[in-house]
Amino acid sequence: MNPAATVVESLLPLPVLLPLLGAGAALVLAGRPTLQRWVSVGVLSAVVVVAAVLVAGAAERPRVVTVGSWPAPLGITLVADQLSTIMLLTSMSVTLLVLLYAIGQGTSDDDSRTPVSIFHPTYLVLAAGVANAFLSGDLFNLYVGFEVLLMASYVLLTLGGTRSRVRAGLTYVVVNVVSSLIFLAGIALVYAAVGTLNLAQISERMAAVPAGTQLTIHLVLLTAFGIKAAVFPLSAWLPDSYPTAAAPVTAVFAGLLTKVGVYSIIRTQTLLFPGDTVARDILMVAALLTMVIGALGAIAQDDIKRVLSFTLVSHIGYMIFGVALGTAAGVGAAVFYVVHHITVQATLFCVAGLVERVGGSTSTTRLAGLAAASPLLAVLYFVPAINLGGIPPLSGFVGKLGLIEAGVQDGSVLAWFLVGGAVLTSLLTLYAMAKVWVLAFWRPRDQLPVEHPEDAEVNDLDVADDPDRRYPVMIGAGRGRTGAESYSGALLGAPSAVADQEREVVALPRAMTAATGALVAVGLALTVFAGPLYSLTDRAAADLTARTPYVQAVFAQAVDDRVVR
Amino acid sequence: MLVLLAVHAAAALVAPLLVRSLGRTAFVGLALVPAAAFAWILTQLPAVLGGQAHGEGFTWIPALGVEVAVRLDPLSAMLSLLVTGVGALVVLYCARYFTPSSGGLPRFAGVLLAFAGAMLALVWADDVVMLYVCWELTTIFSFLLVGQDAHKRASRAAAMQALTVTAAGGLTMLVGLVILAEAAGSYRLSAIVAAGPTLGGAAVTAGVVCVLVGALSKSALIPFHFWLPSAMAAPTPVSAFLHAAAMVKAGVYLVLRFAPGFADDAGWRPVIAIAAALTMLLGGIVAARQTDLKLLLAHGTVSQLGFMLLLAGAGTRDAALAAAGLVVAHALFKSALFLTVGVIDRCAGTRDLRELSGLARRAPVLAVVGTLAAASMAGIPPLFGFVTKEGAFEAFLHRAYGPWAGVLLAVVVLGSVLTVAYSARFVLGAFTDVFTTGGRSEWIRPGALFLAAPAVLGLASLVAGFAVGPITPLLTGYADTLAASYPTPLQLKLWPGFTVALGLSALAIVLGLLLALPRVIEPLSRVRPLNAVRSEVTWRALVHAVEKGALRVTVQTQRGSLQVVLCTVLGVLLLGPGVVLVASGALSEIRVDRFADSPAQVVAALLAVVSTVAAARAKRRLAAVLLVGGLGYAVAVIFALAGAPDVALTQALVETMTLVVVVLVLRRLPADITEHHTPARRWARLAIAAPIGVLVALLGATALGSRTAEPVSRAFPSQAYGFGAGQNVVNVTLVDIRAWDTIGELSVLLAAATGVASLVFLDRRTGTPPGARRRRRAPVGPGPVAGSGWLRGPTLERLARQLRPGPRVTERTLLLEVVTRLVFPTIMVLSIYFLFAGHNAPGGGFAGGLLAGLALVVRYVAGGRYELGEAAPVEAGTLLGAGLLLAGLSGAAGLLLGGEVLQTYVIEGDVPVLGHVKFVSSLVFDVGVYLIVVGLVLDILRSLGAELDRLGDTPGPSNSPTRPSGQEVPA
């Protein structure tokens, strides 16, 4: 190993290790909130820098670390290839910005009830889990990464412990535990069949396994990842749980968690089980349904956070579309789209938090006149909103263009359907985003319906009225779902007052606005630098579809280790 | 060229500032930007018309073949002259159209300039992706411009409508463009068009149709026509620019651009001919019935766009020439007319032709300008509109559209009759009192600057008529790229001589004027069915259908029920892997060579099965929990039988700990399981659960049967000692081989502990240990309290009770106190032993930590919550944090020492007293594990134990675990 190489490789474990140390430190520093904040911000900033170095390092070849010097098949390998590092840099940048937003929200609230000492360590643990999932070269360790981020997410989701959050948390926790069980079963199956957990080695050995067994294991893993990624029909849990959480929590969840699932699907499709046509067709159909049904769901909502939760699900379909195609063009577009989507979705949820702050609600039946009240907020919403809606030249468009190109190149009947579905979804998303704009931003306050119609028509239909279908809630059952109650007393929370027409418009909190502005700027940067970025994702996809760079890097490292010893 | 586009962008950014500081007059300066572009294009004209197209560009996204490429050829020169020329005049006009008090003017200025830039880039673009980018940018800017008066409901609805319709068309077009580009192998517009004639096949035809859909939607052709009249809610300058000169021409431009390459495609002519012919007629009919001058113009525009597209789509040289001429003529007269209406609207306060009266007298200049422009629209000589209409008739006489030329000629003539009719209606309605019923008298004199733009445009129609000679090269420059289909090529002339076309023109004028007479048109316009063509109906129906459909789909797919979600997940598992397992024949991989390893294994397995079934049927919570625990212990037995005492020990300890925790929680729940389900529901659950269980078992057996290679764990025992310096393989695996997993799981524990605390303590995470608090604030008791002296906790509790009696006072047994006092140190020592011995013997940090945790449990159970504070006077958070820090740092140490992360080092040496000591650095890691486990248990005892006790003690209604009162119990 040359010395230059070791620098990159010795940095490789840091995106996981640093947040964990930070979490430990934050817990020890429980009584000193200011110091805690510095620790969190410092740690995540460092991780972003490290991630940037890793992106550069991985561009050359996949970087591999064998933890504890245990050679590849025995111990755990960490692999930073282009896919991992791109995902890592994007997600950690967004995590950092959302942290700043959260700090801004907490500080400006000056709320002594804010349990910061839970928020900071847990948030860092979440970051560590996400980083670990991206960097792991070992199937079981990937599972551990999932567990880390999920456990942290359980805590963050229920932060504040309001009824609606506990209810939503229950759905979220149970579904995710089930998905983890399925994943664990999948790991057991993989180990039973090929006797190894090392991804590179699985990929080498799996070809020898009988086709039927391969496909069943493949589908078990896809089911597990499909739940995490919220692929239809495994997506219903997401819109039921995300919207209740505090704005920064939802923002970071929306940005990261489903994408970890998407990442795992990419690995499954490209590294472990390449070229399986049955799974490919299943994924393509799922992608189509995810896109269209999700977008229709977004239209049917009148709460911004719920709209965004549905667009989140819907656009997962785009990524699955690209991955399912399996061509370098498709996977490249999917990876680009992931980067775009992480950013834009987190941005929009942050904006929703600001909207809540300024307008006192996130329901379009209660909001009005925001464009006049706060032109800056209007810009902060409008740019990411049309970006999500696929208006060119913004990054969402670039991703969709890549997908359409890949679909047209593929030319199969299903691919044509998907191209059509992608376009339709783009239109529906734009419609949903424009609807929010027209109602919440353009409509003047005096044109709000005099009586707030109890959202009855649209909102209450998607919660079952049948008492048998209620959530089995252990603690504090209640049916309040999207009402003001869910947002009140929030951790990093919002004023609980329901907007009434005479309500004074609150000024934008500076730190939160700055963080949101930075996120919008990141989104715009993705557009401006779409060329180099797309080249990067394209190369990543080429490596992924070729498979050999990953596998070779892992085993070359193994050989190195043996030599060292 | 790119510089000019950049200037537009910069102007768009600066415009709001300018308008804010200078007011509406800033528009005069802003008009210079498009004017400069206009001037530049003029300087390039000789070269461009000489056949030298000017191009610039750079690559934007090489991976997708996307470039920012612009090209100035005769067609783009012609359109960009219109865009910039009309644009400059419209921007100038804004300086007086808006009142100084108009709201949102800075934003408007910025968006208008941005639109001008996007439109210019659209006609210059030589890359299909860039074309699409500009196309949608004009859509989004038009959305903002149409919604300028957002306080009006109509404006918002119109903006939304225009956005949705044109974006739908645009997206379709994008697909078409990509299909054509992939077929042609290039994203260069010029290259695609050049390759056009060689391409064929269903995909290309689909692509062509998709592109046409985009063009039709942007140019407001049937069936997309309805958005344009609604968009008249926009301020008039916007209508003049977007809906007359620029944006709606984008569709025409696209068709003109693609016609040389794709006019002969099977999909091309039928689509265009039908849509365009219908549009021309229906638009004309509706226009002739309007009373709002602006709407009249809007429907007239729809009709004229149909006319233009009919010509542009013909794909012959003569039709293309006529189309190009018509595009120019239309831009001139229609923007002049819109601006005229804007002046009327502002100065008379209305634009309803029934209310306007005497304008010819009061505003002679305006009347002349308006009449000139309307005459051009009607095709009256010597205006430019006449020249182009003659050309159009000629083109159809020259057999554009082959056999259908005759029919289409009839359509065009009929359309022209309607055009004359609504043109006449416009003039008569606006400037005379022919239609006036209830006149309004006010009239504010417009200033010179206000009139300048319409006047220039109106006169241009006149001048262009005479200057048709000099203008022609600009038009033929494009038209000549198409093959001539007729022996004598068409020439645009002011006086063509007595031809058939002239006769048709005369016919159209006469019939049109007759139709315009109030006596004729009034009864006609009362015929209601024609309203069906109006936009609102179609649009609302469509939107309602989508919204309703969306709702219905969402109601079906988003039940909001956890059970439905779980059933879906399990159903997917059964339908996916389950079906494949059976269908693919993978079951044949299963190999069974023995029933069990030992009889004891069978017993343990039976125990597991029985406890599972019984747990599912249990009526009481405690029973269910204990039965689930039984399953766990059975699994521990199976581990032990398989030769893994360490795993078995850990499993048993975890099971015990879990039981303790659950029992702590159960104190706060009803004893019985209160949810009851109907038998049908229970059977349904069984019908899902049982197959899932069978499936997992079969999957496991299949996978094992399919094993192809030796598992890596075979190497673990030798490697554990050789490289990991430990004899306990499990421990070495946990703290060394797979320590990276362990560190992850440690953070899971940490997060779990904080999570429990977060839910229970809600507002005070750190939940000061009761004992510690007591030490700070010594109780001022009424006197000495009798205590056993074995444990301090119960004494403290009694003290507290004396101060504030709670609802329940539980006396604890002395025996338990004594035993605890004696046993606690022993357990702690054993736990420390486990920690240190773990590397070579059963034990380890995890098991040791759990044991210590159990010791704490014993103290808590025996002595209550104050005893817990006595036993562990530290913050749980500190233990957790310190543990993770220790584990993490021991991992990082490897990096710092130049090895890998979590690398293990062995230090051996002779130490006095202890003798020969072999220190393995992974012990530090294990201490971290130990601390975290103890911290977790402590945290759980504090929150689920002590805090719930406290909440139980607190009188009042607010003692639910989710909503604790924020008050402290005074101690």
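Protein chains get the first letters and strands the later ones, always in sequence-line order, with residue 1 at the start of each.
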Any chance you could measure [X], atom [atom1], to [Y], atom [atom2], to the nearest 0.5 Å?
{"X": "B:Ile737", "Y": "A:Ile76", "atom1": "CD1", "atom2": "CD1", "result": "10.0 Å"}
{"X": "A:Leu27", "Y": "B:Thr878", "atom1": "CG", "atom2": "OG1", "result": "8.0 Å"}
{"X": "A:Ser426", "Y": "B:Glu136", "atom1": "OG", "atom2": "CD", "result": "8.0 Å"}
{"X": "A:Ser535", "Y": "B:Ile61", "atom1": "OG", "atom2": "CD1", "result": "9.0 Å"}
{"X": "B:Leu575", "Y": "A:Leu219", "atom1": "CG", "atom2": "CG", "result": "11.0 Å"}
{"X": "B:Asp736", "Y": "B:Arg738", "atom1": "CG", "atom2": "CZ", "result": "12.5 Å"}

Quick check on [X] against chain B: is it the side chain, the backbone, both or neither that has a heavy atom closer than 4.5 Å?
{"X": "A:Phe232", "value": "side chain"}
{"X": "A:Leu20", "value": "both"}
{"X": "A:Ala188", "value": "neither"}
{"X": "A:Lys435", "value": "both"}
{"X": "A:Val148", "value": "both"}
{"X": "A:Asp138", "value": "side chain"}
{"X": "A:Val292", "value": "neither"}
{"X": "A:Gln201", "value": "side chain"}
{"X": "A:Val423", "value": "both"}
{"X": "A:Thr223", "value": "side chain"}
{"X": "A:Val194", "value": "both"}
{"X": "A:Leu234", "value": "side chain"}
{"X": "A:Leu428", "value": "side chain"}
{"X": "A:Leu14", "value": "side chain"}

Pick from [options]: which one has the most heavy-atom pairs with chain B under 4.5 Å?
{"options": "A:Leu126, A:Leu124, A:Val190, A:Val175", "value": "A:Val175"}
{"options": "A:Val125, A:Val408, A:Val67", "value": "A:Val67"}
{"options": "A:Gly420, A:Ala23, A:Pro210", "value": "A:Pro210"}

What residue in [options] has the most heavy-atom pairs under 4.5 Å with chain A?
{"options": "B:Ala150, B:Pro577, B:Gly888", "value": "B:Pro577"}
{"options": "B:Ala751, B:Gly883, B:Ser713, B:Ala715", "value": "B:Ala751"}
{"options": "B:Leu749, B:Val129, B:Leu587, B:Leu746", "value": "B:Val129"}
{"options": "B:Thr139, B:Leu573, B:Val66, B:Val546", "value": "B:Leu573"}
{"options": "B:Ala586, B:Gly755, B:Ala63, B:Ser584", "value": "B:Ala63"}
{"options": "B:Leu174, B:Val748, B:Leu64", "value": "B:Leu64"}

Give the minimum heavy-atom separation between [X] and [Y], together with the two atoms involved.
{"X": "A:Tyr191", "Y": "A:Thr196", "value": "CD1-N, 3.5 Å"}
{"X": "A:Pro393", "Y": "B:Val133", "value": "CB-CG1, 3.6 Å"}
{"X": "A:Pro233", "Y": "B:Val572", "value": "CG-CG2, 3.8 Å"}
{"X": "A:Asp240", "Y": "B:Gly560", "value": "OD2-CA, 3.2 Å"}

Need one label for [X]: side chain, backbone, both or neither, based on atoms under 4.5 Å from any heavy atom in chain A.
{"X": "B:Ile743", "answer": "both"}
{"X": "B:Val579", "answer": "neither"}
{"X": "B:Leu886", "answer": "neither"}
{"X": "B:Phe58", "answer": "neither"}
{"X": "B:Thr172", "answer": "backbone"}
{"X": "B:Leu581", "answer": "both"}
{"X": "B:Val569", "answer": "both"}
{"X": "B:Ile179", "answer": "both"}
{"X": "B:Leu144", "answer": "both"}
{"X": "B:Ala159", "answer": "side chain"}

Is the positively charged end of A:Arg539 above the ring of A:Tyr534, judged by distance under 6.0 angstrom from the centroid and angle within 45° of the axis?
no
Kindly determine whether B:Glu745 and B:Thr742 satisfy side chain to side chain donor-acceptor pair (under 3.5 Å), including the steps that lead there.
CA-CA 5 Å; B:Glu745 293 295 353; B:Thr742 311; over 6 Å; no
Flag, side chain of [X] to backbone of [Y], donor-acceptor distance under 3.5 Å:
{"X": "A:Trp237", "Y": "A:Ile227", "value": "yes"}
{"X": "A:Gln214", "Y": "A:Val209", "value": "yes"}
{"X": "A:Trp416", "Y": "A:Gly411", "value": "yes"}

Go through the structure and list residues passing ring-ring contact (aromatic ring centres under 6.0 Å, His included) with A:Tyr431, not counting sequence neighbours.
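With neighbours one apart ignored, the set is empty.
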Mind checking whether B:Asp741 and A:Tyr143 have side chains closer than 4.5 Å, heavy atoms only?
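When only atoms from C-beta onward are counted, A:Tyr143 and B:Asp741 do not touch, as no gap falls below 4.5 Å.
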Measure from the ring center of A:Trp442 to the ring center of B:Phe143 and say whether it is less than 6.0 Å.
yes
